[in-house]
Structures are given as structure tokens and as C-alpha cells.
Amino acid sequence: MSSIIRAKQDGDELMIVSSLDEKFIRHYFRLDDDLEKIYSKINRDEIMDSLISKYHGLRLINQDPWECLVSYICSSNNTIRNIRNSIRKMCECFGEKIEDGYYSFPLPEMLSRINKREMEQCSLGFRAPRVLEIATGIAKHEFELYGLKDLSYDEGRRELMKINGVGGKIADCVLLFAFGKLESFPVDTHIEQIMDRTYGENWKVAKNSKKREEIARFARTYFGKYCGYAQEYLYMEDLGL
DNA sequence: CTCCAGGCTTACG
DNA sequence: CGTAAGCATGGA
């Protein structure tokens, strides 16, 4: 599906120019989410209350699962800047040209035919073979990524973590940003630091690898079933936009 | 030069 | 079980 969406907002009026139908647009931008209801659930303290005021209207999106999965495989031990550059290069090199300067995200079938040498221009480092491997697996129908939408959060997470290069954090990102599992609470380095300095030690772990799991578990009980939205607002504050 | 970045895998006790 | 090195690349 290669198509451009042009969007701008004037006050509370959203203008969309696209060849895609309204149903897709509403789904992609999650326009039918009842934000006030979600706010009332996650608004547990003054901190979240101020974030809700500051970023009022901020929504999650329903990204394509394949694009989302590859993007976060590329995020492993990497900077946001390098991730964006790598994704852009993959689109330019292996995607389809839509307009001047606009390229679609390459499909699994395309990337499955790319060799390591051709992939080097994307600067993916040790992540490149992981991307090519899962592209091949999906192209050959050995892994049914799009079938995961019908699974529960826990089931989907187990399946995603079977993929080489996908652990708990990346699985949580795909579940939240592509499959709309709002009970997902991805904990990366940023969120870990935010949670440490904002919510102290509501979890008991010295400093082992299970700490992030414990933070996510706390967040789920603290913010509730829409904690994914809480994560988005916390992360937004850390980006400092 | 060293250290770290929207982590994960593997090796070793 | 648990912890720690290693991983490619680019920027501070």
C-alpha cells in the first residue's frame, strides 16, 4: 500500500488530503479513541495530569506491523537519528517511488531478495541479518505476522519474541504501535530513567535484566489497561518537543 | 580516545 | 536460574 497522507491541524480541526478512504485514516490515526475516557483512567497523579494538559490530543497510531517490526529491530542499541536514517535509506533503495522524495517502505518479498552487500548502504550493522532473516521468513509464510492481530497481548508477545532480534521491548512496541494493544508498556532506556526519577522504586529489583519487566508490571497495575497511552505521554516529555 | 545509543543473544557460573 | 560481554555504526 503505497500512498501519501498529507495532514494539518488548525485548532481542533484536522485536514487530511489522501487517496485513502476515511475508514483507513480513522484507523491509522486512531481517531475513534475516546481520549477523555482514556485520560480519566491513566490520570493517577499530578505528573500525568500535567502531561495530559501539556500534550492534550496526542494519540497513538496503528502503524503497519511489518514496517513497525523492522523499524524497532533497527532500534536495538541505536540512536533515533541513526534509526531514521537507516529506515529512510531502506525506503529509497528498496521501496517504490511514489513521488519525488517519497518512497514506500519495502515489502518483505523485496527485502528477502536483498543480500548483505546491498544492505550495507543502510548502515544497519549487526541488525541487517536480523532484518533479512525475518523478511525471508515472512515472504516464505514461515511466520504469519499479520495473523498476530487476532491474538491476545500475551500470546502475541510470545510469538513475536520467537523472532531472532526481538525481545520483550521490541515485541511491546509492535503490540502497541501496530496491533493496538493498549495494555502494552514498552520500557526502553528513556522510559526506565523517567520511571526511576518520577515513580522512585515502586518495584524491587537491584539491577538485573528483569528490571524493565518489573517497571512494566508496575505501570500496568498503576495506570491500568490503557497504560500504553501513559507511556506515550511520558516519552513525549522526554523527547522535549 | 572513550562512551553511549528507543536491546538482544550468547556464553559462562 | 543469574550476570556480562559482544555486537556495527555514528556522534558527542
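Being a predicted model, the structure only gives us computed values, none of them experimental.
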* **Nearest-angstrom distance from the residue atom NE2 of A/His190 to C1' of B/dG7** => 12 Å
* What's the CZ-C1' distance between A/Arg157 and B/dC8, to the nearest Å? -> 13 Å
* Please determine if A/Arg44 forms a cation-pi arrangement with A/Phe223, meaning its NZ or CZ atom is less than 6.0 Å from the six-membered ring centre and no more than 45° off the ring axis. => no
* Whole-Å distance between B/dG7 C1' and A/Leu160 CG? -> 15 Å
* **Sub-6.0 Å ring centroid separation between A/Phe179 and A/Tyr153** => no
* Asked: Are A/Tyr72 and B/dG6 stacked, counting the six-membered base ring, centres under 5.5 Å, planes under 30°?
  -> no
* **Nearest-Å distance for atom pair CZ/P, residues A/Arg212 and B/dG6** => 11 Å
* Does NZ or CZ of A/Arg6 fall inside the cone over A/Tyr102's six-membered ring, less than 6.0 Å from its centre and within 45° of the axis? -> yes
* Asked: Taking for each residue the nucleotide of DNA chain B with the nearest heavy atom, is it A/Met161 or A/Asn77 whose nucleotide lies nearer the 5' end?
  -> A/Asn77
* Could you state the CZ-P distance from A/Arg130 to B/dC8, rounded to the nearest angstrom? -> 9 Å
* Are any of the side-chain nitrogens in A/Asp238 or A/Arg197 under 4.0 Å away from the carboxylate oxygens of its partner? -> yes
* To do: Would you mind classifying the nucleic acid contact of A/Val187 as base, sugar-phosphate or nothing, using non-hydrogen atoms under 4.0 angstrom?
  => nothing
* Asked: A/Ser123 side chain N/O closer than 4.0 Å to the phosphate oxygens (OP1, OP2) of C/dA8?
  -> no
* **Short N-O contact, A/Arg220 and A/Glu183, less than 4.0 angstrom** => no
* **Between B/dA5 (C1') and A/Asp238 (CG): distance, integer Å** => 13 Å
* Heavy atoms under 4.0 Å, any strand shown: does A/Gln231 hit a base, just sugar-phosphate, or nothing? -> base
* To do: Would you mind classifying the nucleic acid contact of A/Ile194 as base, sugar-phosphate or nothing, using non-hydrogen atoms under 4.0 angstrom?
  => nothing
* **Pairwise P distance for C/dA8 and B/dA11, with rounding to whole Å** => 14 Å
* Considering only side-chain heavy atoms of A/Thr189, which listed nucleotide, C/dG2, B/dC8, B/dG6, is closest? -> B/dG6
* Asked: For DNA chain B, which residues in residues 78-95 of chain A have a heavy atom at a distance below 4.0 Å?
  -> A/Asn78, A/Thr79, A/Ile80
* Donor-acceptor pair under 3.5 Å: do we get one between A/Ser75's side chain and the base of B/dG6? -> no
* Asked: For A/Val166 and A/Glu232, take the nucleotide of DNA chain B holding the closest heavy atom to each; which residue's nucleotide lies nearer the 5' end?
  -> A/Glu232
* Asked: So does A/Arg113 pair up with A/Glu109, basic N to acidic O under 4.0 Å?
  -> no
* CZ of A/Phe126 versus P of C/dA5: gap in Å, rounded? -> 17 Å
* Structure fact -> In A/Leu176, A/Leu175, A/Val174, the residue satisfying side chain to side chain contact (heavy atoms under 4.5 Å, CB included) with A/Asp172 is A/Leu175
* **Any donor-acceptor N/O pair, A/Asn82 side chain to A/Asn78 backbone, under 3.5 Å** => no
* Would you kindly give the CG-to-P distance between A/Leu69 and B/dG7, to the nearest whole Å? => 15 Å
* **Same-atom distance (P) from B/dG6 to C/dA4, integer angstrom** => 23 Å
